[in-house]
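Taking it in order: structure first as structure tokens, then the write-up.
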Amino acid sequence: MTRFIVVGAGIIGLATAARLAARGDEVTVLEKEADVAEHQTGRNSGVIHSGLYYPPGSLKATLGTAGARSMTEFAEEHGIAVETCGKLVVAVEEDEVARLALLAERGRANGVPVREISAAEAREYEPHVVCRAALHVESTGIVDYRGVCRALADQVRAGGGEILFGRAFRGARTEGDRVRAWVDVLDGGQREEIVADALVVCGGLHADRLARACGLEPEARIVPFRGEYFELAPQAAELVNGLIYPVPDPRFPFLGVHLTKMVGGGVHAGPNAVLALAREGYRWRDVSPADVADALTWPGLWRLGARNWVPGAREVARSMSRSLFASSLARLVPEIGRDDLTPSPAGVRAQALRRDGALVDDFLIQTAPRQVHVLNAPSPAATASLEIAKHIERELDAGVAA
């Protein structure tokens, strides 16, 4: 029996731990919070992405497309709320129509069932939408990702593994055929030492720091971007049947403010994307001087800002003005107004950024002897989590056998 330590009880950490426990390995999951899915996993819009947006051959494309199927099947098998509702990606301006066609080509290359439709056909799906043309993606769905995480946690325990909450992972070292890890018990204040055969770190917003604490030099720095959401008032929610997305800006890794039917009812609007002032900064007033300094001393952030200051300024303005936020939504559904928006909990995306200012656009998994570190897992990581876990399992087995 092989003993594994998995750091992080988000969806990737739990999916990995569940796979290892299911095959009879001894698994310990370490989580500093008091419950599963407290950060990125539990604060997203609940979309099962189809694989439409990603460069063919990338991990995002291969794992995301497969993940759309496996996540839906997992949810159905475990009685978790899920719905394959489809979505529209709409071109509002004439210059967006050509980009829409390119997006359709990319989707087909990834095996995504995508159909180019006219504005009139788009209104058959969404009667209140305004556009020049659209894509209909029938395989896009919505799911309760917290419910998925609870089911995965149950699988870990059913396989004999344990999940330890209130445990802050501080670092580790590989010593021959073992990994020695150090953990702070937050409730009692003492430090524990755990020895295992291998280590998986799914550190999310702190992934680069945890990698350094394990003796690795991460390929990129984590820069936090907050995504702010609103929920539509009931009368406005009736204007939206499913998911309505704009054509994404190719300069930005984000998909733009969109409308998302929620699996539990209602409609989410958002998110925008602004630099967060703390890695767990879910509000403007959440400020960590250390996190701000970490971001501002990274040359990549300044280079990214120099290339994207106009869209970046637009995102900040939209964050400060509910009217501007509503205007972005009204481009898609003109009947939505400022008074239809109620604030909803924000999320923070852990975006890996290279020194030259290039955003890491794919999943980034870095290995060391008997260690696997997930350094970049933005959307569609939740969708692809069961497939990412298989990928991590292969990396672990190769590292333990070496």
Side-chain angles (χ1 to χ4, degrees), residues 3-22 25-44 78 80 144-172 179-214 222 224 278-282 286 288 291 345 347-350 365 371-378 381-382 385-386 388-389 392-393 396:
R3 184 177 188 191
F4 293 97
I5 298 170
V6 178
V7 177
I11 197 166
I12 295 177
L14 289 171
T16 302
R19 284 196 68 82
L20 298 174
D25 290 317
E26 184 179 347
V27 181
T28 299
V29 179
L30 305 173
E31 171 55 55
K32 70 181 178 66
E33 305 295 352
D35 201 356
V36 301
E38 285 293 281
H39 292 288
Q40 291 186 112
T41 303
R43 289 175 170 267
N44 65 33
H78 291 85
I80 298 162
D144 174 11
Y145 280 123
R146 282 187 181 271
V148 171
C149 286
R150 288 191 289 268
L152 290 169
D154 288 343
Q155 287 188 338
V156 173
R157 297 184 183 105
E162 59 180 350
I163 303 173
L164 303 179
F165 295 107
R167 301 299 200 279
F169 176 75
R170 296 307 184 197
V179 176
R180 190 177 304 275
W182 296 275
V183 183
D184 285 345
V185 181
L186 299 182
D187 190 35
Q190 72 268 28
R191 178 160 291 190
E192 294 180 339
E193 186 176 283
I194 304 175
V195 178
D197 298 292
L199 169 72
V200 183
V201 181
C202 304
L205 290 158
H206 306 282
D208 55 340
R209 291 173 176 169
L210 297 184
R212 284 195 293 272
C214 294
I222 295 296
R279 294 206 180 190
E280 297 176 12
Y282 298 108
D286 295 335
S288 165
D291 291 349
V348 178
R349 171 176 173 153
I365 297 173
Q371 298 184 30
V372 175
H373 291 257
V374 180
L375 289 177
N376 193 54
S385 55
L386 301 175
I388 295 173
I392 292 171
E393 180 185 24
L396 281 171

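- Contact check for R150 versus D144: side-chain heavy atoms found under the 4.5 Å cut-off.
- Distance CD/E33 to CZ/F165: 10.0 Å, rounded to 0.5 Å.
- In this view, R180 and E175, W182, E193, V195 satisfy the side chain to side chain contact (heavy atoms under 4.5 Å, CB included) rule, not counting sequence neighbours.
- Residues V185 and E192 form a side-chain contact, since some pair of their non-hydrogen atoms from C-beta on lies under 4.5 Å apart.
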Side-chain polar contacts of residues 197-209 - donor-acceptor pairs under 3.5 angstrom, sequence neighbours left out - could you list them?
from : atom 1 : to   : atom 2 : distance (Å)
D197 : OD1    : R178 : NH1    : 2.8
D197 : OD2    : R3   : N      : 2.6
H206 : NE2    : E280 : OE2    : 2.9
D208 : OD1    : R279 : NH1    : 2.6
D208 : OD2    : I222 : N      : 3.0
D208 : OD2    : R279 : NH2    : 3.2
R209 : NH1    : D291 : OD1    : 3.0
R209 : NH2    : D291 : OD1    : 2.7
R209 : NH2    : D294 : OD2    : 3.3

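- With sequence neighbours left out, the side chain to side chain contact (heavy atoms under 4.5 Å, CB included) criterion links N376 to Q351, A352, V360, L364, P378.
- Of the inter-residue distances, the one linking L20 atom CG with T28 atom OG1 reads 11.0 Å to the nearest 0.5 angstrom.
- Looking only at side-chain heavy atoms (C-beta outward), I80 and Y145 stay at 4.5 Å or farther from each other.
- To the nearest 0.5 angstrom, I194 atom CD1 is 5.0 Å from I5 atom CD1.
- In this view, D154 and R157 satisfy the salt bridge (Lys or Arg N to Asp or Glu O under 4.0 Å) rule, not counting sequence neighbours.
- Legend: residues meeting side chain to side chain contact (heavy atoms under 4.5 Å, CB included) with A17, ordered by chain and number and at least two apart, are V6, V27, V29, V156.
- Considering only heavy atoms from C-beta on, V374 comes within 4.5 Å of I392 through its side chain.
- Within the 4.5 Å cutoff, the side chain of L164 has no heavy atoms near those of the V183 side chain.
- Taking both residues in full, the closest heavy atoms of G281 and V348 are given as O-CG2, 3.5 Å, listed atom of the first, atom of the second, then distance.
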Show your reasoning for whether side-chain contact (heavy atoms from CB on, under 4.5 Å) applies to L14 and I163.
CA-CA 9 Å; L14 289 171; I163 303 173; 4.0 Å; yes
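- Checked against side chain to side chain contact (heavy atoms under 4.5 Å, CB included), A37 has the following partners two or more places apart in sequence or in another chain: T41, R146, C149.
- In this structure, CZ in R19 is found 10.0 Å from CD in Q155, a value given to the nearest 0.5 Å.
- The two residues S385 and A15 come nearest to each other via the heavy atoms O-CB, 3.7 Å.
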